[in-house]
Amino acid sequence: MSHEQLPTEQPAVVTCGLPYANGNLHVGHLRSYVAGDLFSRALRRVGQQTAFVCGSDMHGTPVAVNAAEEGVEPREFALEYHEQYKERFPQFNVEFDNYGHTDDETNTELTQEFVQSWIENDHIHEKEIQVAYDPDADQWLPDRYVEGTCPYCGEKARGDECDEGCQRHLEPGEVEDPTSTLTGNPAEYRTREHKFLRLSDFQEYLQGFLDRLEGTERAQSQPREWIEGELEDLCITRDMDWGIDYPGDDQKDLVLYVWVDAPIEYVSSTKQYTDNVGADVFDWEQAWKIDGEQAHGTHWDDEWSGTSGEIIHLIGPDIIQHHCVFWPAMLRGAGYNEPRAVLATGFVGIDGKSLSTSRGRAVWASEYLDEGFHPDLFRYYTATGSGLENDVDFSWDRFQQRVNGELVGNLGNFCYRGLLFAQRNYDGTPDADPSEEVTERIEDAIETFEMAVAEYDVRTLGQVAVDLADFGNEYIQQNEPWNLVDDEPEEAAQVIRDCVQLAKACALLMQPVMPEKAEDLWAQLGEDGSVHDPELSAALETPPAEFDEPDELFTQVEDETIEALNEKLRERVSESADDGDDDDEEDEVDLPALEADRISFEQFQDIDIRVGEITAAEPIDGADELVRLEVDIGLEQRQVVAGLKQLHDTDDLPGTRVVLLANMEQAELFGYESNGMVLAAGEEADLLTTHEDAALGTKIR
RNA sequence: AGCGGGAUGGGAUAGCUAGGAGAUUCCGGCGGGCUCAUAACCCGCAGAUCGGUGGUUCAAAUCCACCUCCCGCUACCA
């Protein structure tokens, strides 16, 4: 590793993936924002100068499309969500030093500067591509403005992504049979010139970058194979109004692709922070550039790591490529610093299943708050439920269990009993020296915390305070100060002194995960100022000699509350299953109901079913049930692909008489053309055959 | 089937990067204690072939190979 361990002398920037201004926030989103907030607070705690920034992602076609549907301007539409997020994050104690958005002036200017810089350094070139165009609306159709057929799998697909089929990312011009989502009319492809960032310029650089990159393993290993082959150029322009204008002189009517201006918002947001607080407090150029200056070239000089800031990105698991391939190339192309670490969280599940808003299986941010739960409880739960990189399951049952057990019973209880005892008997911190045992234990906790920061171990950072309180409970129990006050006053004073010290340490250590609760505890200890300011070593300083009677830090989560919430979730899941269009997980093996609708004889006559004989059969590589068959239906040989392997042995099939739907539309399965459908019964695909030997090609009637 | 994640006492999670007595914490079970505290807290006990099989090693939960099973996404049963 070429980096000096955190904390360093350089300024750090911690970012979270920009929320896309197109929907409400749920617990899945919240996880990475909490983790980012927690980590940035922890960094400050160990003395690293840190800016924690983010902003709303305003551009892109989904916003434009959805705004059009609602009949409002995209800017207005996106701003509404932007305002919502801006309020929502602080409600979860996620406090950004600056929260901007990609459509503001700072980002517009800076994005254009980036692009200008790529142009000047010859990383941009033009290419003519085919772009869908709606002649009636007289408009180009980027991304989701066009729908059609996926060229890879044949499913219905959007212009930028085969969303219902193979999930492939589609480049402009790839969708077949394009239709316009504006008018529903067929679209035509017209030749259009677009701008491309030549990613291949950075191929070697990116190899090195991934070697240096810290953070979660997946962020480092997953992009490796992605950059092994020749890197495709990135089309950075779109034919739209909504977005940041392409700054070159030649193409005034092009707008930049949303993934260009979105990450640059990380920089813009930091710049805005500097504009607000002054460069003496935080210098964005010192963080984002190389020793404060742009340094062009497609290589990286190891010296630079020591003269530029520590950029740390927290992202969801779905946007690793953008942050570990495109983004570093964009930065390097503009002569900027590179990310030091990318931390990709795992997914959040609900009750053991994956979160799905369309199926109603989700817990919304607003919902959590409406229940009156304290944000810090959620923060603790998600941050410590499992390692950052692993998936974490959210269930109200476990939420209750962990809050009641670990926060109420352990941390809250320890602080309360310790401080209450101290207040009643000594009006505050007793006049005694803390024991060596306790001092050492606190020092250990501080060290654990510091190590966790250096290793990006968010889980441990969330856990240290509770672990220390656990020790505290054990300590007070074993020393039984309540039995000592009368007979051994000095010993009692020392034990309670220890407990107050432990509580103080807890307040400081828990601050990153539970900032508000930490502040409460800090106030109860009679400390002046904020728990957010002092460094960790303050945990060993003497607490105030006097303080008031403490309050209970956490309150129990009641069974009834949890039951009601579970019920609500269940209802919502079953409701959306009712009107859900497809399948759903009901595994009843009951026979399907008979079709009520009868078909006419004419309709039946349209169905051409023939007697055939399998002449050859071979399993298809890569499929576990599919077999490629040659079927002789008298008039001709047909190649048919069928899912038969679960019941029939491929070797036994040749010679078998089968019944074939001959005018089934042609399909391609696993690369094989299929011209018909052999009839078979049920899941097991029990082949139908003829009783007597009807001649091959006989029509079934 | 592809990609990703996983398999650790009854349930849930640590530990694996840098191998060293079979292991953390939470929930649950059993028994005891304490009464300062929010029916909380403390102590003890029961309970495991660390998914399997090989390999490397003085030493493997940890490294390597192969396999099995689960989960997610995607695909398929014409």
Side-chain angles (χ1 to χ4, degrees), chain A residues 1 152-153 155 162 164-168 217-218 220-222 225 317-318 320 346-347 349 352-356 384-387 389-393 395 397-398 400-410 412-425 455 457 459-460 463 466-467 469-470 472-485 492 495-496 499 550-556 620-627 629 638 640-647 660-670 672-680 682-685:
Chain A
M1 255 178 242
Y152 301 99
C153 69
E155 278 294 321
C162 177
E164 289 179 28
C166 62
Q167 297 292 116
R168 244 179 265 245
E217 213 183 308
R218 222 186 307 175
Q220 217 185 88
S221 54
Q222 206 167 302
E225 82 184 271
D318 48 340
I320 291 178
F347 287 102
K353 298 189 174 170
S354 63
L355 186 151
S356 165
T384 61
S386 138
E389 192 166 10
N390 298 327
D391 294 353
V392 74
D393 189 52
S395 88
D397 289 329
R398 295 217 71 212
Q400 177 195 31
Q401 202 181 76
R402 295 200 55 208
V403 168
N404 290 352
E406 295 164 42
L407 296 182
V408 179
N410 192 335
N413 185 233
F414 169 69
C415 293
Y416 183 56
R417 71 199 292 208
L419 296 190
L420 189 63
F421 200 100
Q423 198 277 330
R424 283 188 187 159
N425 292 280
E455 290 168 5
D457 185 350
R459 182 184 213 264
T460 299
Q463 201 62 51
V466 173
D467 289 347
D470 199 27
N473 273 316
E474 199 180 313
Y475 183 79
I476 195 171
Q477 191 71 34
Q478 268 163 12
N479 289 289
E480 303 185 322
W482 46 92
N483 288 336
L484 296 173
V485 244
V495 171
I496 291 305
C499 290
D551 288 320
E552 294 161 357
L553 264 188
F554 302 98
T555 44
Q556 296 267 357
I620 290 177
D621 278 347
D624 47 4
E625 294 174 1
L626 294 184
V627 189
L629 303 175
R638 290 282 187 90
V640 174
V641 179
L644 299 173
K645 256 199 273 181
Q646 64 272 60
L647 191 65
L660 183 95
L661 176 55
N663 63 341
M664 185 70 200
E665 69 179 351
Q666 204 182 71
E668 190 177 292
L669 300 165
F670 272 76
Y672 292 91
E673 200 173 276
S674 183
N675 287 297
M677 179 170 170
V678 285
L679 302 187
E683 288 285 302
E684 296 284 275

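First the proteins, then the strands, lettered A, B, ... as listed; each starts at 1.
Partners of A:Glu474 according to the side chain to side chain donor-acceptor pair (under 3.5 Å) rule, which considers only residues two or more places apart in sequence or in another chain, do not exist here. In this structure A:Asp397 satisfies the side chain to side chain donor-acceptor pair (under 3.5 Å) test together with A:Asn566, sequence neighbours excluded. A:Glu389 pairs by the salt bridge (charged side-chain N to carboxylate O under 4.0 Å, His left out) definition with nothing, not counting sequence neighbours. A search for salt bridge (charged side-chain N to carboxylate O under 4.0 Å, His left out) contacts involving A:Arg402 returns A:Glu406, not counting sequence neighbours. Applying the side chain to side chain contact (heavy atoms under 4.5 Å, CB included) test to A:Asn404 and every residue at least two apart in sequence or in another chain returns A:Gln400, A:Val408, A:Gln556, A:Val557. By the side chain to side chain donor-acceptor pair (under 3.5 Å) test, A:Asn483 pairs with A:Glu480, sequence neighbours left out. In this structure, A:Thr555 has no side chain to side chain contact (heavy atoms under 4.5 Å, CB included) partners at least two apart in sequence or on a different chain. The side chain to side chain donor-acceptor pair (under 3.5 Å) search around A:Gln477 returns A:Arg417, not counting sequence neighbours. With sequence neighbours excluded, the residues that form a ring pair (Phe, Tyr, Trp, His ring centres under 6.0 Å) with A:Tyr475 are A:Phe471.
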Annotated structure of RNA chain B as dot-bracket, pair cut-off 3.5 Å, Watson-Crick or G-U only, | for inter-strand, is ((((((((.[[[..)....(....]]].(((((.......))))).....[[[[[..)....]]]]])))))))....
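For B:rC36, the base is not stacked against the aromatic ring of A:Phe421, per a cut-off of 5.5 Å between centres and 30° between planes.
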Where along nucleotides 40-47 of chain B does protein come under 4.0 Å, by heavy atom, of base (B) or sugar-phosphate alone (S), with - for untouched nucleotides? SBSS----
Tabulate protein N/O versus nucleotide N/O from nucleotides 14-17 of chain B, keeping only pairs under 3.5 Å, one per line.
unit_1	atom_1	unit_2	atom_2	d
B:rA14	OP1	A:Ser386	OG	3.2
B:rA14	OP1	A:Gly387	N	3.2
B:rA14	OP1	A:Asn390	ND2	3.0

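Among the heavy atoms of the strands, none lies under 4.0 Å from A:Asn425.
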